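Okay, so here's the structure we're looking at.
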Amino acid sequence: MNKPIATVGSSTYQRIKHDIIFGELNPGAKLKLEALKQRYSASSSTLRETLNRLASEGFVEAPEQRGFFVTPVSREDLIEITELRVLLECHALEQSIKNGDTDWEGNLVAAHHKLHLMEQRMLAGDHSEKEMWKRYDWEFHLAMIEACNSRNLLSLHSTLYDKYLRYQMLVLTYRGEEAVAEHKAMFDAALSRDASKAKQLLEDHIRNGLEHTLAAM
């Protein structure tokens, strides 16, 4: 009996989190249970559990006796998220380059190839699959750091990345050839096992994305 309930809860969590990240649920919006029950075909208990979980991760706010709200956005919050992402992701990249084996290299090559193909479509003017583009971007960044041998670090990074992505999706502007070149340079440095260079390139890439997003907010 527990398995179907867990599956429904997980599905509801993923759907609501997705809609927050991709702007289907607006920053600051009140999350009314009756409306959510209709939208996600979930029970009140499942929704409360899901919203409390999202609140613990920072995607939802739950002021006492006031219900649930989508966490608002701000420039200060984005800057803080970026600083934490730089801290965690650069450390994870260094460890990953140190520990990565041939399977890590192969996964990194495949992830960069998929991202590069999508970036070429974007450069050609086809912006019809923005969500897939961001998925491939995430898979590339994850492939670079997944050999860090720390599940806790990867879990924390995943949450931070989603928060960072939420801001990007709110403004949804593409940096074009600059971002493509940055990805290629990071990829080459990682495969060359040049941890110092790869970390600097990654930090620059993240900060360039921050400046681009701030300018569009």
Side-chain angles (χ1 to χ4, degrees), residues 1-82 84-85 88 111 114-115 118 121-122 125-142 151-152 154-174 209-210 212-217:
M1 289 293 293
N2 289 334
K3 189 172 182 180
I5 295 173
T7 301
V8 169
S10 177
S11 173
T12 303
Y13 164 79
Q14 294 293 346
R15 290 174 63 197
I16 295 178
K17 184 176 181 180
H18 170 278
D19 287 351
I20 291 173
I21 291 171
F22 287 91
E24 297 295 327
L25 295 171
N26 293 324
K30 184 164 186 178
L31 298 167
K32 299 178 180 178
L33 288 181
E34 286 303 315
L36 296 178
K37 284 167 69 175
Q38 299 264 338
R39 179 168 182 155
Y40 298 104
S41 301
S43 68
S44 294
S45 60
T46 294
L47 287 167
R48 286 194 184 92
E49 181 181 345
T50 297
L51 294 175
N52 280 317
R53 180 180 174 186
L54 288 167
S56 72
E57 295 177 353
F59 295 98
V60 167
E61 290 187 345
E64 190 172 352
Q65 305 300 321
R66 288 184 54 207
F68 297 95
F69 298 82
V70 177
T71 299
V73 296
S74 70
R75 295 171 66 89
E76 293 75 19
D77 183 55
L78 173 57
I79 292 169
E80 182 180 4
I81 289 168
T82 301
L84 289 170
R85 186 181 164 198
L88 288 181
K114 288 196 297 182
L115 173 60
M118 181 60 71
R121 287 176 56 180
M122 299 281 287
D126 181 359
H127 294 186
S128 63
E129 294 192 63
K130 292 175 180 176
E131 193 169 327
M132 185 66 74
W133 158 50
K134 296 313 298 183
R135 175 186 163 190
Y136 287 165
D137 183 76
W138 157 247
E139 289 180 355
F140 170 69
H141 281 269
L142 178 60
R151 285 183 297 175
N152 288 323
L154 290 175
S155 178
L156 288 170
H157 172 263
S158 177
T159 299
L160 277 174
Y161 187 94
D162 283 343
K163 290 181 178 181
Y164 185 88
L165 174 59
R166 179 178 175 228
Y167 279 90
Q168 286 193 315
M169 298 311 295
L170 285 172
V171 300
L172 203 56
T173 54
Y174 182 45
L210 168 67
H212 188 77
T213 303
L214 286 174
M217 286 180 68

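Keep in mind it's a predicted model, so treat the numbers as computed, not measured. Throughout, numbering of the chain's residues begins at 1 and tracks the sequence.
At least one donor-acceptor pair under 3.5 Å links the side chain of Arg15 to the backbone N or O of Tyr40. A donor-acceptor contact shorter than 3.5 Å links the side chain of Thr213 to the backbone of Gly209. A distance-only check finds no donor-acceptor pair linking the side chain of Ser158 to the backbone of Leu154 [under 3.5 Å]. When atom types are taken as modelled, the side chain of Tyr164 and the backbone of Leu210 share a donor-acceptor pair closer than 3.5 angstrom. When atom types are taken as modelled, the side chain of Asp137 and the backbone of Trp133 share no donor-acceptor pair closer than 3.5 angstrom.
Applying the side chain to side chain contact (heavy atoms under 4.5 Å, CB included) rule to Leu160 yields the partners Ile81, Leu84, Leu88; only residues at least two apart in sequence or on another chain are considered. For Lys17, the salt bridge (charged side-chain N to carboxylate O under 4.0 Å, His left out) criterion is met by Glu57, Asp162, not counting sequence neighbours. Taking Glu139 as the reference, Lys114, Arg135 meet the salt bridge (charged side-chain N to carboxylate O under 4.0 Å, His left out) condition, with sequence neighbours excluded. Under the salt bridge (charged side-chain N to carboxylate O under 4.0 Å, His left out) criterion, Glu34 pairs with Lys37, not counting sequence neighbours. For Glu131, the side chain to side chain contact (heavy atoms under 4.5 Å, CB included) partners at least two apart in sequence or on another chain are His18, Phe22.
The two residues Pro72 and Pro27 come nearest to each other via the heavy atoms CA-CB, 4.2 Å.
A side chain to side chain donor-acceptor pair (under 3.5 Å) check over residues 66-78, counting only residues at least two apart or in different chains, returns the pairs Asp77-Tyr167.
Asn26 places none of its side-chain heavy atoms less than 4.5 Å from the side chain of Val70. The side-chain heavy atoms of Gln168 and Leu165, taken from C-beta on, include a pair separated by under 4.5 Å. Counting heavy atoms from C-beta outward, Met169 and Arg166 have side chains that stay 4.5 Å or more apart. Looking only at side-chain heavy atoms (C-beta outward), Val60 and Ile16 stay at 4.5 Å or farther from each other.
Here the CG atom belonging to Leu33 is positioned 7.0 Å from the CZ atom belonging to Phe68, to the nearest 0.5 angstrom. Within the model, atoms NE2 of His157 and CZ of Arg85 stand 5.0 Å from one another, a figure rounded to the nearest 0.5 Å. In this structure, CG on Leu78 lies 9.5 Å from CG on Leu170, to the nearest 0.5 angstrom. Considering OG1 of Thr12 and CZ of Arg39, their distance stands at 12.5 Å, rounded to 0.5 Å. The structure places NZ of Lys134 at 11.5 Å from NZ of Lys130, a figure rounded to the nearest 0.5 Å. In this structure, the separation between CD on Glu129 and CE on Met118 is 5.0 Å, given to the nearest 0.5 Å.
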